[in-house]
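The structure under discussion appears below in the form of structure tokens.
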Amino acid sequence: MDTTDKYEVLDMSLAAQGKNNLELAELNMGALLEVRKRFVKEKPLKGVKIGLALHVTKETGILVRTLIAGGADVAITGCNPLSTQNDVAAALAEEGVKVWAYKGETNEDYYRYLNNVIKFGPQITIDDGCDLVSEIHKNYPQMIKDIICGCEETTTGIIRLKAMENDKALKYPMIAVNDNKTKHLVDNFYGTGQSTIDGITRATNLLYAGKTVVVCGYGSCGRGVAQRARGLGSNVIVTECDRFRALQAAYDGFRVMPMAEAASLGHLFCSVTGNKHVISFEHMKKMKNGAIMANSGHFDIEIELSTLAEKASSVRSVRPSMEEYVLDGKKLFVLGEGRLINLAAAEGHPSEVMSTSFCGQALACEYGVKNRDSMKPEVIQLPESLDDEIAGLQLTAMGLSIDTMTPEQSRYLNSWEEGT
Ligand code: ADE
């Protein structure tokens, strides 16, 4: 480990590779670079301390550079023990960023690093999964008076924040960046769809055509995974608890059934729900020999791994990101220790995807600073105009332009008199 008082990363000699990856990421993050260009001129985050607990990837590196360009002082740690790109962490440390992260972190290091970010004294927190916010509320309540707001990146984090809000436990304003329309479309649907398949493929080299793939959950992420698996020729089954989403899956042409029935049919299972034990030990007992389980939700609780580990007659690693459990004489495989497979076994969402998500984060920080006196300690939605701005930035980055309504058309949409 390479350590100073400003960073702890695996190996500083990886910094040159990290720099190359950051350079490549920038090429595909045109929308975020536009925000950065404006931030350089306007410095909307001047003097603001921002603490991040995000996946430390090349894309997050470009967000860090954007916040710094806007005048912020930044400290960062990871938000999952397996998602850090060690080369990027080293490159950021070399650039002078306060960074504590390495791939394969122990639980102890994970929390020590979160605490380093908290001790830095952030006035804005950026979280992916709500661990930073939760740790501040539990162990550092005295710091909350100095916090302007927090920004949350993912659905799991929003679920936790809403639970805090309902319990009246949430003590500072939280901007639900995850709930931007652009985030759900580009990141949750297209990003998770592709990067989940990428992670599973890198871990297994599986042929999807002809396989029965069971996707647990049909939110934006589950829809993405189900549609990509179908595109590769799989026979896809969707399981859901939500009646509307189940209906949507059925009308999208997927087989819909309870997990108890799907368990014996699937070759590959992928949970994308944010909930616990969606693939339970009871389900595993029904699975075929050779069945593969992966999770693409934020936390490693979706697959009931603890019981599997307890009951299996043997457990061994058969290749990177793939463990074999022998249960009642059959082999079951778990990918990436049940942690989010797109980052555990691959590189997460492509840079272009994260460009739109991180425009949301950068603009949310600016929004928070501008509106610091009026925001309440609740879960806040960004105004639609900002979401629309992000869509516009991404269209421009893609070299696309669109029509503008004529004055007559605008008038028509705003009137009620004209009918048949
Ligand atoms: N979440 C999913 N993919 C990611 C990536 N490439 N960088 C940061 N966070 C992510």
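All values reported here derive from a predicted model rather than from experimental measurement.
Contact record, A69 with R36: CB-CG, 3.7 Å, taken as the closest heavy-atom pair. Shown here for C359 and L393, the closest heavy-atom pair between the two residues is SG-CD1, 4.2 Å. Nearest approach of K330 to M284, heavy atoms of both residues: NZ-O, 3.1 Å. The two residues N342 and S195 make their nearest non-hydrogen contact at ND2-OG, 3.0 Å. Among all heavy-atom pairs drawn from K171 and K168, the shortest one is NZ-O, 3.1 Å. Smallest separation of non-hydrogen atoms from L132 and I126: CD2-O, 4.0 Å.
Put simply, the side chain of T66 does not reach to within 4.5 Å of the side chain of L33, judged on heavy atoms. Residues T204 and I292 are in side-chain contact: their nearest non-hydrogen atoms beyond the backbone lie under 4.5 Å apart. Side-chain atoms of K285 and K311, non-hydrogen and from C-beta on, never get closer than 4.5 Å to each other. Taking 4.5 Å as the limit, some side-chain heavy atom of C151 sits within range of a side-chain heavy atom of C365. Side-chain contact between L185 and Y190 is present, with heavy atoms from C-beta onward closer than 4.5 Å. Side-chain contact between D109 and T106 is present, with at least one heavy-atom pair separated by less than 4.5 Å.
Between S83 atom OG and L343 atom CG the span is 5.5 Å, to the nearest 0.5 Å. Once rounded to the nearest 0.5 Å, the distance linking CG of N20 with CG of L22 reads 9.0 Å. For the atom pair I279 CD1 and M293 CE, the distance stands at 7.0 Å (nearest 0.5 Å). To the nearest 0.5 Å, atoms OG1 (T155) and CG (N178) are separated by 4.0 Å. Interatomic distance, H267 NE2 to N235 CG, rounded to the nearest 0.5 Å: 9.5 Å. Here the straight-line distance linking atom SG of C149 with atom CE of M375 works out to 4.5 Å at 0.5 Å rounding.
Side-chain N/O atoms of N295 and S271 include a donor and acceptor closer than 3.5 Å. Counting only N and O atoms by type, the side chains of Y140 and E135 include no donor and acceptor under 3.5 Å apart. In summary, the side chains of H55 and N80 do not present any donor paired with an acceptor at a separation below 3.5 Å, with no hydrogens or angles considered. Using modelled atom types, one finds no donor on one side chain facing an acceptor on the other under 3.5 Å when comparing S220 with N188. Q85 and T57 form no side-chain donor-acceptor contact under 3.5 Å, judged by distance and modelled atom types alone. For the residue pair D127 / T125, no side-chain donor-acceptor distance below 3.5 Å is found, with atom types taken as modelled. There is a side-chain donor-acceptor pair under 3.5 Å between S280 and H283.
E304 has no carboxylate O lying under 4.0 Å from a charged side-chain N of K276, or vice versa, which leaves the two without a salt bridge. Ion pair K286/E261 not flagged as a salt bridge, since none of the NZ, NE, NH1 or NH2 atoms sits closer than 4.0 Å to an Asp/Glu carboxylate oxygen. Ion pairing between a basic and an acidic side chain is recognised when a charged N comes within 4.0 Å of a carboxylate O; K37 and E34 show such pairing. Electrostatic pairing of E165 and K376 does not count as a salt bridge here, judged by no charged N lying under 4.0 Å from a carboxylate O. Contact check on D73 versus K98 returns a salt bridge, with a Lys/Arg side-chain nitrogen under 4.0 Å from an Asp/Glu carboxylate oxygen. Between E95 and R65, at least one side-chain N (NZ, or NE/NH1/NH2) sits under 4.0 Å from a carboxylate O, which counts as a salt bridge. Using a 4.0 Å cut-off between charged nitrogen and carboxylate oxygen, R160 and D131 count as a salt-bridge pair. In summary, D179 and K183 do not engage in a salt bridge, as defined by a charged side-chain N under 4.0 Å from a carboxylate O.
Two rings, from H137 and Y172, have their centers less than 6.0 Å apart.
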(Q) Between S355 and Q394, does the side-chain contact (heavy atoms from CB on, under 4.5 Å) criterion hold? Intermediate values first, please. (A) CA-CA 8 Å; S355 180; Q394 184 54 26; 4.2 Å; yes
Q: Dump the intermediate steps for side chain to side chain donor-acceptor pair (under 3.5 Å) on Y113 and E105, then the final yes or no.
A: CA-CA 10 Å; Y113 295 164; E105 278 164 24; 5.7 Å; no
Q: Output, in order, the C-alpha distance, side-chain angles, deciding distance and verdict of side chain to side chain donor-acceptor pair (under 3.5 Å) for S357 and D187.
A: CA-CA 7 Å; S357 315; D187 181 307; 2.7 Å; yes
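In summary, of the residues considered (E23, E347, E26), a salt bridge (Lys or Arg N to Asp or Glu O under 4.0 Å) with K58 occurs for E347 alone. Test V214, V256, V213 against I237 for side-chain contact (heavy atoms from CB on, under 4.5 Å) and you get one pass: V214.
T196 places no side-chain N or O within donor-acceptor distance of the main-chain N or O of G193, the cut-off being under 3.5 Å. Without hydrogens or angle criteria, S234 side chain to R230 main chain gives no donor-acceptor distance under 3.5 Å. N205 places no side-chain N or O within donor-acceptor distance of the main-chain N or O of T201, the cut-off being under 3.5 Å. Side chain of E302 to main chain of V278: no donor-acceptor pair is present (N/O by atom type, distance under 3.5 Å, no hydrogens or angles). For T273 (side chain) and N275 (main-chain N/O), a donor-acceptor pair under 3.5 Å exists by modelled atom type.
For R245 and Y218, the positive end is not near the middle of the six-membered ring at less than 6.0 Å and at most 45° from its axis. Relative to the six-membered ring of Y325, K331 misses at least one condition, a distance below 6.0 Å or an angle of at most 45° to the axis.
In this structure, F39 has no ring-ring contact (aromatic ring centres under 6.0 Å, His included) partners at least two apart in sequence or on a different chain. Considering only residues two or more places apart in sequence or on other chains, Y102 meets the ring-ring contact (aromatic ring centres under 6.0 Å, His included) condition with none of them.
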